*Asks:* 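Would you mind keeping the following structure in view while I ask a few things?
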2 protein chains.
Amino acid sequence: MESQQIQKELLNGVDVPQLTQIIDNLTNNPNQAQFHFCARNNWVNGGENQTTINEFYSGGEKHVRSKSFVFTKDEPPTLLGHDNGANPVEYALTALAGCVTTTLVYYASAMNVKINRVESTLEGDIDLRGLLNIDENVKAGYKSIDIKFKIDSDASPEILEKLMVIAKNHSPVASTIANATPINISLA
Amino acid sequence: MESQQIQKELLNGVDVPQLTQIIDNLTNNPNQAQFHFCARNNWVNGGENQTTINEFYSGGEKHVRSKSFVFTKDEPPTLLGHDNGANPVEYALTALAGCVTTTLVYYASAMNVKINRVESTLEGDIDLRGLLNIDENVKAGYKSIDIKFKIDSDASPEILEKLMVIAKNHSPVASTIANATPINISLA
């Protein structure tokens, strides 16, 4: 990411000098770029469970969040739940939506592009026969995910197109999903 | 998924006869197994944005949730945010935690295995040089994700091991992440 023509400290709510400083720091100190994220989950009942997020590590240093973030997941009745929360595949869309948006806005700020509004819709199809092992040839997860952006900005369509490509290629959640990411499960 | 030896209507909070009925229905009517999930996202400012979940489709039929689920994402100060929410890569862990847990509990119920407690921790490393394009050879997303389960159940370690493998292979979010899932981005 190159931060060119910085005219304002805060562009799109992003502190561009701080962003430049982070890029310089991580370029010179790759160890500082190593982030470790974590989550704790507790099953509640049936399709309901709760995840708590309250800390992460960067460069080996622990960061405690200002407060814990607690998320309830549940299924709708048609999937045997009580609708007490969005379900996990909806949380996955939520994660992806946030990540491509933040990536787009951070890069826009570094490129001195003022953004007024970013809306997006995300959609994806899942064949439940994968989850239920009714047909072993059916993938359990999303077949693909479509993201449609509406961006209000003075930037040209070419710049907006470039920002979307950057968001797709450099968003950590998009990268996690679009590339096969190994998952290791074990009993503690 | 085979639902054997069903002795109780509700096992682990799961309505096993309804689960059996769903499996039978989707086996005979693959069209009914086609689920379509969606999310709407609005950028707020800087690294903050908000996702709303309120409907999904199954077999072409629209289901409106009992209420909208709204999620705020933000970054911690060290990543240029104001800590107003968990960040997108933490939401991704949240989604995965929920999905493997629900998959495990649903299969346990179908296999007549009583579960008393399921806790898990999820951890993953991200090299921020990928997001910031400091090194184009660095993946932007999680290198891998480790899930450690603590399960309290009368079932044997072999059964619990089997349930974990099922959870890994049949959880829709785990499947989305562990296999390369195409993401299509466009301007609406």
Side-chain angles (χ1 to χ4, degrees), chain A residues 1 13-14 27 33 35 38-39 41 43 45-47 49 51 53 66 69 71 73 83 86 88-95 97-99 101-102 118 120 122-123 126 128-129 132-134 140-142 144-148 150 164 168 170 172-173 175-178 180-185 188, chain B residues 1 13-14 27 33 35 38-39 41 43 45-47 49 51 53 66 69 71 73 83 86 88-95 97-99 101-102 118 120 122-123 126 128-129 132-134 140-142 144-148 150 164 168 170 172-173 175-178 180-185 188:
Chain A
M1 187 186 284
V14 177
T27 303
F35 278 66
C38 26
N41 195 69
W43 173 54
N45 197 33
N49 61 79
T51 297
I53 305 281
S66 57
F69 302 110
F71 302 106
K73 282 140 286 165
D83 227 355
V89 297
E90 293 169 328
Y91 270 88
L93 295 184
T94 300
C99 205
T101 300
T102 299
V118 186
S120 57
L122 288 85
E123 303 189 25
I126 292 179
L128 221 67
R129 293 177 301 163
L132 299 172
N133 202 19
I134 290 169
Y142 281 111
S144 64
I145 299 173
D146 292 327
I147 307 176
K148 289 205 177 76
K150 270 192 195 171
M164 287 199 309
K168 180 179 169 177
H170 291 284
V173 175
S175 164
T176 299
I177 290 173
T181 302
I183 297 173
N184 309 305
I185 299 196
Chain B
M1 188 186 284
V14 177
T27 303
F35 278 66
C38 25
N41 195 70
W43 173 54
N45 197 33
N49 60 79
T51 298
I53 304 281
S66 57
F69 302 110
F71 302 106
K73 283 140 284 164
D83 228 356
V89 296
E90 293 169 327
Y91 270 88
L93 295 184
T94 300
C99 205
T101 300
T102 298
V118 186
S120 56
L122 288 85
E123 303 189 27
I126 291 179
L128 221 67
R129 293 178 301 163
L132 299 172
N133 202 18
I134 291 170
Y142 280 111
S144 64
I145 299 173
D146 293 327
I147 308 177
K148 289 205 179 72
K150 270 192 196 173
M164 286 199 310
K168 180 180 170 176
H170 291 285
V173 175
S175 164
T176 299
I177 290 173
T181 301
I183 297 173
N184 310 306
I185 299 196

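Numbered from 1 within each chain, the chains take letters A, B, ... in sequence-line order. When reading the values below, keep in mind they use all heavy atoms of this one structure, side chains included, and skip hydrogens, waters and symmetry mates. Everything numeric here is computed off the predicted structure, so don't read it as measured data.
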*Asks:* Flag the one option from A:Gly47, A:Ser66, A:Gly13, A:Ser120 with the top tally of heavy-atom pairs under 4.5 Å to chain B.
*Replies:* A:Ser120
*Asks:* So, for A:Val14 and B:Gly46, which heavy atoms are closest and what is the spacing to 0.1 Å?
*Replies:* CG2-CA, 3.9 Å
*Asks:* Would you please name every residue forming a side-chain contact (heavy atoms from CB on, under 4.5 Å) with A:Ala95, sequence neighbours left out?
*Replies:* A:Val173, B:Tyr91, B:Ala92
*Asks:* Show the nearest heavy-atom pair for residues B:Ala180 and A:Ala178, with the distance to one decimal.
*Replies:* CB-O, 3.3 Å
*Asks:* To the nearest 0.5 Å, tell me how far A:Leu122 CG sits from B:Asn41 CG.
*Replies:* 7.0 Å
*Asks:* I need the B:Cys38 SG to A:Asp146 CG distance, nearest 0.5 Å.
*Replies:* 11.5 Å
*Asks:* Does B:Lys73 reach the main-chain N or O of A:Thr94 with its side chain, forming a donor-acceptor pair under 3.5 Å?
*Replies:* yes
*Asks:* Could you tell me whether a side-chain N or O of A:Lys168 sits under 3.5 Å from a main-chain N or O of B:Ile183, the two making a donor and an acceptor?
*Replies:* yes
*Asks:* Pick one of side chain, backbone, both or neither for B:Ile177, based on which atoms fall under 4.5 Å of a heavy atom in chain A.
*Replies:* both
*Asks:* Side chains of B:Thr101 and A:Asn49 only: does a donor on one sit below 3.5 Å from an acceptor on the other?
*Replies:* no
*Asks:* What's the shortest heavy-atom distance between B:Ala97 and A:Thr51, and which atoms?
*Replies:* CB-OG1, 3.9 Å
*Asks:* Which bit of B:Phe71 comes within less than 4.5 Å of chain A, counting heavy atoms only: side chain, backbone, both or neither?
*Replies:* side chain
*Asks:* Measure across B:Thr176 and A:Tyr142 and return the closest heavy-atom pair with its distance rounded to 0.1 Å.
*Replies:* OG1-N, 2.9 Å
*Asks:* Supply the atom-to-atom distance A:Met164 CE to B:Ile185 CD1, rounded to the nearest 0.5 angstrom.
*Replies:* 7.0 Å
*Asks:* Of all heavy-atom pairs between A:Ser144 and B:Thr181, which one has the smallest distance, and what is that distance?
*Replies:* CA-CG2, 3.9 Å
*Asks:* What residue, out of A:Glu90, A:Lys148, A:Lys150, has the most heavy-atom pairs lying under 4.5 Å from chain B?
*Replies:* A:Glu90
*Asks:* Verify, without hydrogens or angle tests, whether A:Ser175 (side chain) and B:Gly141 (backbone) share a donor-acceptor contact under 3.5 angstrom.
*Replies:* yes
